[in-house]
Amino acid sequence: MSEPEKIAVLDFLDQQGGFSSLEFAQSKGFDHNTVVGVLKSLSSLEVLTLEQAEETRWEPTAEGKTYIETHSPEYQVFEAIPAEGILQSELMKKIPAAKVGLGHGMKSKWYKTEKAGADTKITRAVESIVDQAKEDLLAVVENKASPQILKELQRRKLVEKIIVKFYHVKKGDKFTKTPTKLATELTREMLLSGSWEQLQFKNYNLNAEGIIPPSGALHPLMKVRTQFREILLEMGFEEMPTNQWVESSFWNFDSLFQPQQHPARDAHDTFFLRDPATTLSIPEDYMARVKEVHERGGYESTGYQYDWKESEARKNLLRTHTTAVSSRMLYKLAQEGFKPCKYFSIDRVFRNESLDATHLAEFHQIEGLICDKNLNLGNLIAVLKTFFEKIGMPHLRFKPAYNPYTEPSMEVFGYHNGLKKWVEIGNSGIFRPEMLLPMGLPPGTSVIAWGLSLERPTMILYRVNNIRELFGHNINLSFVKENPLCRLEKFSA
């Protein structure tokens, strides 16, 4: 507590019985914030009482304060015009705010203009002027400006309205000019010496909020990911291992019956690795069956009828989808012995895309699949309705689509109540026999699958319009710390 301000407050309160903290600070030349600190400290001792209040005031802006210290632009222009006049081009060089000054001066009919070749000559139209803008600003400082003056100065952005908070101060129940400082802690030394018996202790404020300790914060993507993961686990799905971001072209493309001349396999769509450029571990017998179905077909398919190259299949890349993981898991299932299964994954994938408000070179993909006998499109639609209903989008539409490794394929659209429109929310389909049978899965095996990005629903839930504000190096850390919990039921229909 500042001692000079404390003494002044107690003396003044003893004489007046009450006062405004703002008027007191101004009359004594004290900083108002310092006075408020002293008042709150004395209030805790019940020496005085405080009642918060506020008032609206007009104050000059930074530009207005400059004009008070010097002069307004129109006055500066007038003073810069000699008796014989001056060219406008020279005036502009001489006075930085000449354009503003000329406008207001011409409005007040202080200057005259005439053509001077390609330039304009400016001369005085009156003998002398009063810097009315400066006079009006001084009236604002003295709280004497009329509404008309305030309106004009506000239009010129020379004044602004501010709200000033202060306190009405009155004597408290325990008012004294010599208050005793209360002890705030009971120490070991006090207990040993017995000095605590002679001390007065400050009352504990059990309603005071504690200081929030520094801590980490979950990213919105991770919050939404947790919700999706819990939903899929509740539906009986098993999570697939997705910790291998580097994948071979074989598992990422070829095993999915995606031809080697497909545009998605070009360098402008995929990040290929320079070192190590190729993989050494591909099951030889399985690779031979994949090669056969690509080149000549099989399983009632004609294939793609082209020369399949092992060198292309061995190229390493950053996986473009988590379906590469699904392919590995289905192959593993075929080798260990078929049994019905339900798998899901949520992890990062990479695409060589142009960056904009809705696209990044890396994002998170959610994927689910069910492997069983004789599954059909009706089963897929039923699972999709169950899944999306759990995330708050029960109204779905389906549109036929094309994927190299699913047939039939469907785009999934959901009606979002918050956005009041239909939005594309995912892709789906039934894995082709040309993909499943070379793995060694028995005939009649069907796999229904679907996928969607994690970023899109997160952007909708957290009202984010630009994906770069959600994920990447431009993200605001305060957004991560202060964003709310993710509770998908809040967004249900």
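Keep in mind that this is a model prediction, so the values were computed, not measured.
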Answer yes when [X] and [Y] have at least one side-chain N-carboxylate O distance shorter than 4.0 Å, and no when they do not.
X	Y	answer
Glu55	Arg57	yes
Arg314	Glu310	yes
Arg156	Glu74	yes
Glu292	Arg296	yes

Side-chain H-bond candidate by donor/acceptor type, [X] with [Y], under 3.5 Å:
X	Y	value
Gln260	Asp254	yes
Ser89	Asp119	yes
Ser255	Ser327	yes

Is there side-chain contact between [X] and [Y], with at least one heavy-atom pair below 4.5 Å?
X	Y	answer
Arg456	Val423	yes
Trp245	Arg348	yes
Trp450	Leu369	no

Could you walk me through whether Thr320 and Asn252 satisfy the side-chain hydrogen bond (donor to acceptor under 3.5 Å, both in side chains) test, starting with their C-alpha distance in whole Å, then the side-chain angles of each, then the deciding distance to 0.1 Å, before giving a yes or no?
CA-CA 7 Å; Thr320 62; Asn252 197 82; 2.9 Å; yes

Which is it for Thr61 and Glu160 under the side-chain hydrogen bond (donor to acceptor under 3.5 Å, both in side chains) test, yes or no, and what are the steps along the way?
CA-CA 6 Å; Thr61 61; Glu160 59 186 348; over 6 Å; no

Mind checking ring pair (Phe, Tyr, Trp, His ring centres under 6.0 Å) for [X] and listing every partner two or more places apart, or none if nothing turns up?
X	result
Tyr343	none
Phe250	Tyr286
Tyr415	Trp422

List the steps and the verdict of side chain to side chain contact (heavy atoms under 4.5 Å, CB included) for Ser326 and Glu367.
CA-CA 9 Å; Ser326 302; Glu367 182 164 332; 2.6 Å; yes

Is it the case that the ring center of Phe253 lies less than 6.0 angstrom away from the ring center of His262?
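No: the rings miss the under 6.0 Å criterion.
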
Do Phe344 and Phe228 have their ring centres less than 6.0 Å from each other?
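Between Phe228 and Phe344, which both carry aromatic rings, the centre distance is not below 6.0 Å.
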
Heavy-atom pair of closest approach, residues Ala133 and Leu153:
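Between these two residues, the closest heavy atoms are O-CD2, 4.5 Å.
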
Please report the shortest heavy-atom distance between Phe350 and Glu362, naming the atom on each side.
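Distance-wise, the nearest heavy atoms are CD2-CB, 3.6 Å.
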
Is it true that, when you exclude [X] itself, more than 12 heavy atoms of the residues, nucleotides or ligands shown sit nearer than 6.0 Å to its [atom1]?
X	atom1	answer
Gln305	CD	yes
Ile162	CD1	yes
Asp285	CG	yes
Lys342	NZ	yes
Gln261	CD	yes

Among pairs that include at least one residue of [range], which meet salt bridge (Lys or Arg N to Asp or Glu O under 4.0 Å), considering only residues two or more places apart or in two chains?
range	answer
residues 208-220	none
residues 400-429	none
residues 234-243	Arg225-Glu239, Arg229-Glu239

Find the distance between [atom1] ([X]) and [atom2] ([Y]) and round it off to the nearest 0.5 Å.
X	Y	atom1	atom2	answer
His364	Thr242	NE2	OG1	9.5 Å
His321	Asp347	NE2	CG	13.5 Å
Arg319	Gln365	CZ	CD	9.0 Å
Gln335	Met439	CD	CE	10.0 Å
Glu247	Thr279	CD	OG1	8.0 Å

Checking [X] now: which residues fulfil side-chain contact (heavy atoms from CB on, under 4.5 Å) with it, not counting sequence neighbours?
X	answer
Lys107	Arg155
Glu69	none
Lys151	none
Met235	Ile231, Phe237, Val383, Thr386, Phe387, Lys390

Ring pair (Phe, Tyr, Trp, His ring centres under 6.0 Å) assessment of Phe257 paired with Tyr304
CA-CA 9 Å; Phe257 195 56; Tyr304 292 115; 4.4 Å; yes

Carefully, step by step, assess Phe166 and His32 under the rule ring pair (Phe, Tyr, Trp, His ring centres under 6.0 Å).
CA-CA 8 Å; Phe166 62 97; His32 184 245; 7.5 Å; no

Identify, with sequence neighbours excluded, every residue that meets side-chain hydrogen bond (donor to acceptor under 3.5 Å, both in side chains) alongside Ser453.
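Listed in chain order: nothing, the list is empty.
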
Check salt bridge (Lys or Arg N to Asp or Glu O under 4.0 Å) between Glu63 and all other residues, then give those that pass, not counting sequence neighbours.
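With neighbours one apart ignored, the set is empty.
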
